[in-house]
2 protein chains.
Amino acid sequence: MSVTLADVAKATGLSASTVSRALSDPDKVNPSTRERVRKIARDMGYVPNLLARSLTAGRNDIVGLIVPDIANPFFPPIIKAVQARATSKGKTVLIADVDEHPADELHRARVMRKRVDGLIVVSPRTPDDQLAALAELRPIVFVNRELPGTASVIIENSDGMREAVEHLTALGHRRIGYLNGPRRSWSNIQRQNAVRQACADQGAELVEFGPFEPQIQAGVRAADLVHASGMTAVIAYDDMIALGLMARLNERGIRVGPDISVIGIDDSPMSGMAYPTLTSIHVPGAEAGAAAVDIVLDLADAPDDAPPPVRQLETRLIVRGSTSPVPG
Amino acid sequence: MSVTLADVAKATGLSASTVSRALSDPDKVNPSTRERVRKIARDMGYVPNLLARSLTAGRNDIVGLIVPDIANPFFPPIIKAVQARATSKGKTVLIADVDEHPADELHRARVMRKRVDGLIVVSPRTPDDQLAALAELRPIVFVNRELPGTASVIIENSDGMREAVEHLTALGHRRIGYLNGPRRSWSNIQRQNAVRQACADQGAELVEFGPFEPQIQAGVRAADLVHASGMTAVIAYDDMIALGLMARLNERGIRVGPDISVIGIDDSPMSGMAYPTLTSIHVPGAEAGAAAVDIVLDLADAPDDAPPPVRQLETRLIVRGSTSPVPG
DNA sequence: CTGAAAGCGCTTACAG
DNA sequence: CTGAAAGCGCTTACAG
């Protein structure tokens, strides 16, 4: 097998304690023995078993991050932000992608639990009846889902949605479609409520479609429904759906913008690359990721009875080429 | 702190051994005591410390996956394939994204090493002088990079590249641009060699640009260079660069297809969504991911002196809307 | 079927 | 500054 601390101890003629200190807590050992130990350890090809170290030290210097779907462009910016923040605090990030299988979340979280110092779960899809079990795996913070007694970072959809609806009504649209996201998605419920409220406030008629999965193909499928319904403007649950919608409308010769206005949500990197460029509601995913790191690491050394923090972040509309005045 | 095995043992009046078996190796214990133990453990909210379990059992049931950049659409299909295969073999996948910082790869691999049963490193960017150290963290398999004595899955670029160049020359193009990827990228060297060979074989003139990072913005930047050079056809290191190139050309009123032909590499999901749709060389990332899982898990229980397997996979051209006959 | 003991590979008070 | 000892929370031969 591989070289252990005991092997190095034997080779140096010192105790395991001293070797351990020379490697992990250098100040506590005589400089000359320290260097001797380190050299011998290196020569022997000693690589500390970080599992064992974590078990005794009770620390991993790792943050665990669980996301629903790494392929959804909404998540990479969050992941990058989590990594940037965690790195700046000396932690490594390990990611689990549950591939939109909500039932797996709890299992993955348990697998990670002791291997990390804290868990960030983005948009937990975990069914309600298991959510409490997930929340127990503290330190843990939810992004985009609230549970009493659990730390969370919440992105408030209402401002951005209000701006989107105002933008459309200002362009003359009176009938607005909303493409629902996944049926049980917490985010979709938030967005659905927000669009209903905003349309009611603006006196616009709202027609809902879906639910749709947050994938391009779902948007492609939505396109024909939307067009058949005669909507002049539509807001999609997310950019993936909006992009699929646009692709299919393009294909059918329906001009996005002039013929039908489309608004996405997430302001993902692709929204500026699409044709036409996609008007989208910016969701501060990066800020949310950074905030989640701060919270979960604070939690790690907070007393158990401290009230778990809840941070709120706002959204706003980014206008691009896919929205135009109502045709005719 | 949390409930330990010893706590449960005390509560049941049994030894830790029996409790351990009741939970992890149920067949070795009397059914009635087994159920009693399990019930009490559940009631006490016992959650086994998987770190400790892994340390003694020497198994994690986890596969570690290291990728250069999760936001690059080339990687998610590989990740998904790795997960699908690993799941079917009862393993969980933990992902590390090194965010295009090659120097971090070795460190991340070490952090993961004992927490997983095997490591898959996709497109290792690790500098040559550290690569051997990385390769020592066995069981490990590289995807898209070769190192003697190390298991790997290699995607052979030459077939797809030859098809791409043939396609362009058949359309009448005589001067073909190639947008290089990152300078030290192993993949770029492979692709560069392949395009040089293919152009030489077809008697086409090759003009190289770059290096460019595999990002949309780099493609945007490349667009003006390419257009100024008078190329009628260009092959990009990857789809990201190709998409950025197309976006900028669109913006300048240069029609991709009729005015200039563009070919990407990777056949990422977005290539079918772009405007126009992007002709691209399909790279069998999913197959590579699945193969890597098979190899790394085999390695885990292979004798140390077994020759590490090397698997080769082929590429092919997918023709879409971004390539047309040479103008004029 | 169950238990006592040793051990996985480290770290960390506690002495000296 | 260094070492002996106990311990982190489990698992697993070995006895019985």
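For the numbers below, each heavy atom of this structure counts, side chains included, while hydrogens, waters and symmetry mates do not. Quick note on labels: first sequence line is chain A, next is B, and so on, each numbered from 1.
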Work out which heavy atom in B/L94 is nearest to a heavy atom in A/A96; give both atom names and the distance. CD1-CB, 4.3 Å
Separation between CD (B/E146) and CD1 (B/I154), nearest 0.5 Å, reads 4.0 Å
Looking just at side-chain N and O atoms, do B/R53 and B/N60 make a donor-acceptor pair shorter than 3.5 Å? no
Using a distance-only test with no angle check, is there a side-chain donor-acceptor pair under 3.5 angstrom linking B/T18 and B/R34? no
Please give, in whole Å, the distance from D/dT2 C1' to A/R36 CZ? 12 Å
Nearest heavy-atom approach of B/A300 to B/D117 is CB-O, 4.1 Å
Of all the nucleotides listed (C/dC8, D/dG3, C/dT2), which has the minimum atom distance to the side chain of B/L55? C/dC8
Just by protein heavy atoms under 4.0 Å, how would nucleotides 10-16 of chain D read 5' to 3' in B, S and -? BBBB---
What is the distance from CZ of B/R113 to C1' of C/dG9, rounded to the nearest Å? 14 Å
Answer with yes or no whether the side chains of A/R145 and A/T126 bring together a donor and an acceptor at under 3.5 Å. no
Spacing between A/R34 atom CZ and D/dT2 atom P, to the nearest angstrom: 10 Å
Looking for any heavy atom pair under 4.0 Å, which part of the strands does A/L51 touch: base, sugar-phosphate only, or nothing? nothing
Strand partner of C/dA15, provided both Watson-Crick or wobble distances fall under 3.5 Å: D/dT2
